[in-house]
Protein chains: 2
Amino acid sequence: MSFHYQYARPALAVDCVVFGLDEDLQVLLIQRDIPPFEGRWALPGGFVRMDETLDEAAKRELEEETGVTRVYLEQLYTFSELDRDPRERVVSVAYYALVKLSDHRVKAATDAREAAWFSVIDLPKLAFDHDRVLATALARLKGNVTYKPIGFELLPPKFTLSQLQRMYEVILEKELDKRNFRKKVLTMGFLEELDEVEQDVAHRAARLYRFDKKQYHELMKQGFHFEL
Amino acid sequence: MSFHYQYARPALAVDCVVFGLDEDLQVLLIQRDIPPFEGRWALPGGFVRMDETLDEAAKRELEEETGVTRVYLEQLYTFSELDRDPRERVVSVAYYALVKLSDHRVKAATDAREAAWFSVIDLPKLAFDHDRVLATALARLKGNVTYKPIGFELLPPKFTLSQLQRMYEVILEKELDKRNFRKKVLTMGFLEELDEVEQDVAHRAARLYRFDKKQYHELMKQGFHFEL
DNA sequence: CCAAAAGTGTTTCACTTACACCCATGA
DNA sequence: TCATGGGTGTAAGTGAAACACTTTTGG
């Protein structure tokens with residue numbers, strides 16, 4: 001590699017896989033309004049600028065295209081197949097994030113494009129290689145959710161233990177035992193029991209809990225190991 | 001993003017963190033023979049060509065610069081700090097690999113550069129942000145080794161249980177109980193017990209074992225979960 | 001015969017799993 | 001009063017951790 005490198009370069013882009021939780025696990029998509037893949041749904045994303053890092057580019061593109069802001073984006077994988085974009089060589093760094101769907105239910109796209117939530121179990125065929133990107137993100141989510149408390153990002157600040165359990169069941173695609181689940185998460189010691197219950201339900205109201213981030217980090221420092 | 005995207009682009013490079021095992025955990029470095037950081041040690045790597053994927057670029061650069069070939073490179077992380085290269089904007093995709101040090105003890109660099117193994121616990125200051133890249137790779141290795149049998153890549157095809165245990169101790173930086181360790185790895189059922197013992201040792205010769213990849217994948221399919 | 005590492009079992013304790021009924025509430 | 005989910009305990013089994021001595025071999 002010489003001092004002045006001036007061969008042709010691939011273009012560099014970012015794509016964002018943003019998950020939310022409803023009955024199902026949901027993902028945020030935008031509808032493309034220009035070729036290629038005009039009209040097809042795609043992951044929000046775009047090209048990286050010279051004066052921003054990849055993290056910054058991902059955050060900016062996500063906000064520009066979907067209005068979603070203040071989310072923690074984590075780098076997922078960099079995709080570099082030669083033909084992943086029919087126009088030219090584009091290498092894309094994928095990010096993923098978990099958001100409280102309630103905070104982003106109506107998304108005001110700042111440009112003309114349409115953004116919408118889709119259940120991951122009933123998706124349209126996506127543009128580019130975004131099916132593959134999404135599959136990678138889903139696998140990562142499934143793999144991480146059991147040993148990092150990332151799932152809490154999907155829930156509102158106050159939640160019931162049943163909501164928490166349903167979240168794990170949806171992501172892991174398997175049922176969990178209610179008593180064992182409650183025992184486990186409560187003994188971990190970072191759920192703050194509130195003196196409040198859920199409202200407007202047609203049955204006994206469940207107690208609300210809050211994820212105590214400080215306490216969690218305190219436990220981490222002491223070598224605590226979260227699992228399941 | 002317009003059809004013809006022609007803004008300035010970052011250069012795109014790959015860097016390879018290749019681990020080997022001796023008494024300590026080792027990493028393969030090359031000495032730079034041009035500025036910037038002339039004379040400093042760095043991770044092998046270089047710019048990505050238009051006709052190759054990132055995986056291919058990493059493999060090619062590693063071979064060109066160190067002679068190391070036929071290793072399984074896994075993508076690690078993409079680094080994009082604005083000033084990580086003093087010449088110009090360079091985004092670099094890092095890869096990591098584990099190799100049997102015995103196979104690569106003498107490395108014949110194909111060009112003039114020097115390549116050498118360094119213990120990770122006694123490293124020179126590296127060029128660019130390679131200290132950070134290496135730290136990321138070490139963290140990943142430590143995190144993965146307990147629940148994927150990747151560590152076997154560091155050992156020769158036939159190894160003793162003590163060698164296997166030492167490998168885990170070196171990577172995890174903690175001591176393990178001999179009896180419990182042997183019990184555990186043997187009950188997992190993918191170690192093939194050979195009718196051979198190690199040679200030329202000044203004490204009782206230990207039995208040799210082989211990692212049975214087929215059996216491991218068979219167990220995986222049946223939902224087996226490797227850990228520690 | 002000495003040094004050096006190989007090899008081997010048992011007990012204790014903690015955690016995981018399986019499992020079923022009563023309770024509180026709003027409609 | 002009924003339907004709906006909320007909330008609770010125990011027993012059995014499995015796996016992790018702690019722990020020390022004998023065996024083999026070459027020098």
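In what follows, every chain begins at residue 1, and chains take the letters A, B, ... in the order their sequences are listed.
Atoms NZ (A:K178) and P (C:dA20) sit 13 Å apart, rounded to a whole Å. The nearest whole Å value for the distance from the CZ atom in B:F224 to the C1' atom in D:dG15 is 14 Å. One can place NE2 of B:H225 at 19 Å from P of D:dT14, the figure rounded to the nearest angstrom. Rounded to an integer number of Å, the gap from CG of B:L164 to C1' of C:dA5 is 16 Å. For the pair A:F181 CZ and C:dT17 P, the computed distance is 13 Å after rounding to whole Å. Regarding A:R207, its CZ atom lies at a distance of 8 Å from the P atom of D:dG7, rounded to whole Å. Atom CD in A:E227 sits about 19 Å away from atom P in C:dA14, given to the nearest Å. Atoms CG (B:L208) and C1' (C:dA5) sit 14 Å apart, rounded to a whole Å.
The shortest distance between the side-chain N/O atoms of A:K184 and the OP1/OP2 oxygens of C:dT16 is below 4.0 Å. Between B:S162 and C:dA6 there is a side-chain polar atom (N or O) within less than 4.0 angstrom of OP1 or OP2. When the side-chain nitrogen and oxygen atoms of B:R204 are compared with OP1 and OP2 of C:dG7, none of them lie within a distance under 4.0 Å.
One can find a donor-acceptor pair under 3.5 Å joining the base of C:dT10 and the side-chain atoms of B:K183. For B:N180 and D:dA18, a side-chain-to-base donor-acceptor distance below 3.5 Å is present, hydrogens and geometry of angles not being considered.
With the nearest nucleotide of DNA chain C identified for both B:D177 and B:Q163, B:Q163 has the one nearer the 5' end. The residue among B:R179 and A:A205 whose nearest nucleotide of DNA chain D lies closer to the 5′ end is A:A205.
Taking the six-membered ring for Trp and the full ring otherwise, B:F152 and B:Y216 have centroids separated by 6.0 Å or more. You'll find the ring centres of A:F190 and A:F211 inside the 6.0 Å limit.
Summarising the geometry of B:S80 relative to B:V91, their closest heavy-atom pair is CB-CG2, 4.0 Å, with the distance given to 0.1 Å.
For the pair A:V18/A:Y96, no side-chain contact is recorded, criterion being any heavy-atom separation below 4.5 Å from C-beta on.
Atom CG in A:L194 sits 5.0 Å away from atom CZ in A:R210 (nearest 0.5 Å).
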